[in-house]
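From a predicted model like this one, the values you see are computed outputs, not experimental measurements.
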Amino acid sequence: MTAVQGTTAHIATEDGTADAYLTRPADGAPRPAVLFYMDAFGLRPGLRAMADRLAESGYTVLVPNVFYRHGPAPVTELPEFIDPRARPEIFRRIAPIMQELTPERAMRDADAYLRWLAGHPAVAGGPVAVTGYCMGAVLSLRTAGTYPDRVAAAAGFHGAGLAPDAPDSPHLLADRITAELYFAHADQDPSMPEEQIERLEQALTAAGVRHRCEVYAGARHGYTQADTAAYDKEADERHWAALLDLLSRAF
């Protein structure tokens with residue numbers, strides 16, 4: 001694997017400055033870029049480790065703190081090992097912050113992240129790839145649909161609410177997407193019920209989007225996050241194989 005170098009970055013947006021983690025191969029050569037959207041627990045050591053693993057495969061990876069309006073990461077105090085069932089106050093703190101990140105705000109921010117990557121010397125020219133986890137999977141899908149000319153591939157893992165029956169549901173952007181998509185759901189995930197899985201699949205198929213959606217049997221919401229009680233090593237390794245396969249076709 002390639003040695004990597006990680007640094008803190010600061011990205012000017014319309015609403016302030018977003019702190020972020022940028023990691024890339026240590027040789028400094030321009031590489032394809034991956035915009036990595038965090039889960040609800042935010043930018044923390046576990047996500048930095050995941051971003052480093054992506055960078056080791058030859059990518060320049062940006063992980064923005066999408067909650068920057070509430071301050072730099074960590075926006076809320078977290079234990080080293082996260083078990084929301086044992087610590088329900090974690091979600092009580094995070095839920096209002098998530099609700100304030102409206103689709104409009106999130107996509108204004110996405111424009112800033114994509115522009116910042118396009119101007120960075122460690123990024124090769126052309127469209128980027130996007131991946132996201134939990135709420136980040138929603139942001140990944142929205143970004144692919146909002147900025148189709150700038151996204152070559154988009155992935156999402158254990159996404160929550162990707163296709164609700166709502167007028168601003170992210171799946172309704174399907175007819176704008178030109179990227180190839182991969183989304184992997186957990187069959188033990190009440191935040192992405194079967195009817196939403198089917199609705200997403202139908203929308204992407206009807207729009208002619210190149211995609212694959214899979215359900216990981218036995219996995220729970222958050223299965224990729226090694227610092228949480230939901231972690232599933234088998235499902236996580238399956239996610240890495242699928243993500244790297246998607247990226248290999250995108251660049």
Side-chain angles (χ1 to χ4, degrees), residues 6-11 13 15-24 33-55 59-82 84 90-91 93-103 105-114 116-117 128-144 146 151 154-162 170 183-184 186 189 191-192 221-231 236 239-240 243:
T7 58
T8 299
H10 296 89
I11 302 164
T13 76
D15 297 328
T17 300
D19 55 305
Y21 180 65
L22 179 73
T23 181
R24 59 201 188 278
V34 179
L35 175 58
F36 181 126
Y37 280 124
M38 64 187 222
D39 65 352
F41 297 127
L43 183 51
R44 60 195 191 280
L47 288 193
R48 292 185 182 94
M50 291 176 69
D52 286 344
R53 181 167 173 174
L54 261 185
Y59 302 100
T60 294
V61 185
L62 180 71
V63 192
N65 167 25
V66 303
F67 294 157
Y68 71 88
R69 292 174 180 83
H70 291 264
V75 171
T76 188
E77 183 181 351
L78 293 170
E80 187 173 336
F81 182 77
I82 304 167
I90 296 173
F91 269 131
R93 293 195 302 264
I94 293 174
I97 299 174
M98 292 175 62
Q99 291 168 2
E100 289 183 24
L101 186 64
T102 63
R105 287 176 174 174
M107 290 305 98
R108 285 205 308 269
D109 293 344
D111 178 56
Y113 306 148
L114 293 169
W116 190 90
L117 282 169
V128 310
V130 187
T131 188
Y133 302 83
C134 177
M135 59 168 278
V138 173
L139 298 179
S140 179
L141 183 58
R142 287 196 186 281
T143 301
T146 305
V151 177
F157 300 90
H158 47 83
L162 289 163
F183 280 80
D189 186 356
S191 70
M192 190 63 189
H221 182 77
Y223 58 79
T224 63
Q225 303 301 302
D227 60 354
T228 75
Y231 182 65
D236 183 34
H239 131 262
W240 280 112
L243 178 58

At what distance, to the nearest 0.5 angstrom, does [atom1] of [X] lie from [atom2] of [Y]?
X      : Y      : atom1 : atom2 : value
Leu141 : Leu162 : CG    : CG    : 6.0 Å
Met98  : Phe67  : CE    : CZ    : 5.5 Å
Thr224 : His239 : OG1   : NE2   : 5.5 Å
Ile94  : Met135 : CD1   : CE    : 9.5 Å
Met107 : Tyr113 : CE    : OH    : 9.0 Å
Thr23  : Leu54  : OG1   : CG    : 9.0 Å

query = Given the rule in the side chain to side chain contact (heavy atoms under 4.5 Å, CB included) test, do Val34 and Val128 qualify, once you have shown the distances and angles that lead to the verdict?
reply = CA-CA 6 Å; Val34 179; Val128 310; over 6 Å; no
Which pair of non-hydrogen atoms, one from [X] and one from [Y], has the smallest distance, and what is that distance?
X      : Y      : value
Ala226 : Phe81  : O-CE1, 4.4 Å
Thr13  : Ala112 : CG2-CB, 4.0 Å
His10  : Trp116 : O-NE1, 3.7 Å
Phe157 : Ala137 : N-CB, 3.9 Å
Phe91  : Pro84  : CE1-CB, 3.5 Å
Val61  : Ala55  : CG2-N, 3.9 Å

message = For His158 and Met192: C-alpha separation, side-chain torsions, deciding distance, then whether side chain to side chain contact (heavy atoms under 4.5 Å, CB included) applies.
response = CA-CA 8 Å; His158 47 83; Met192 190 63 189; over 6 Å; no
task = Salt-bridge test for Asp52 and Arg24: reply yes if a basic N is under 4.0 Å from a carboxylate O, no otherwise.
result = no
Measure the shortest side-chain to side-chain distance between [X] and [Y] over non-hydrogen atoms and say whether it is less than 4.5 angstrom.
X      : Y      : answer
Arg69  : Leu101 : yes
Asn65  : Val75  : yes
Thr131 : Leu243 : yes

request  = Report the residues that fulfil side-chain contact (heavy atoms from CB on, under 4.5 Å) with Ser191, sequence neighbours left out, ordered by chain and then residue number.
outcome  =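 Testing Ser191 for side-chain contact (heavy atoms from CB on, under 4.5 Å), a comparison that skips the adjacent residues, returns Ala160, Asp189, His221.
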inquiry  = Once side-chain contact (heavy atoms from CB on, under 4.5 Å) is applied, do any residues pair with Arg44, and if so which ones, sequence neighbours excluded?
reply    = Asp39, Phe41, Leu47, Leu78, Ile82, Gln225, Asp227, Thr228
key: Sequence-distant partners of Phe36, ring pair (Phe, Tyr, Trp, His ring centres under 6.0 Å), two or more places apart   = Tyr133
key: Derivation and outcome, side chain to side chain donor-acceptor pair (under 3.5 Å), residues Tyr223 and Asp236   = CA-CA 6 Å; Tyr223 58 79; Asp236 183 34; over 6 Å; no
request  = Report yes or no: does Ser140 contribute a side-chain atom to a donor-acceptor pair with the main-chain N or O of Gly136 at less than 3.5 Å?
outcome  = no
query = Under 3.5 Å, side chain of Arg105 to main-chain N/O of Asp15, donor-acceptor pair present?
reply = no
request  = Compute whether any side-chain donor of one residue and acceptor of the other, for Tyr37 and Thr143, lie under 3.5 angstrom apart.
outcome  =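 On atom types as modelled, these side chains qualify, holding a pair under 3.5 Å.
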task = Among Leu139, Leu43, Asp109, find the one that has a side chain to side chain contact (heavy atoms under 4.5 Å, CB included) with Val66.
result =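 Of Leu139, Leu43, Asp109, side chain to side chain contact (heavy atoms under 4.5 Å, CB included) with Val66 is met by Leu139 alone.
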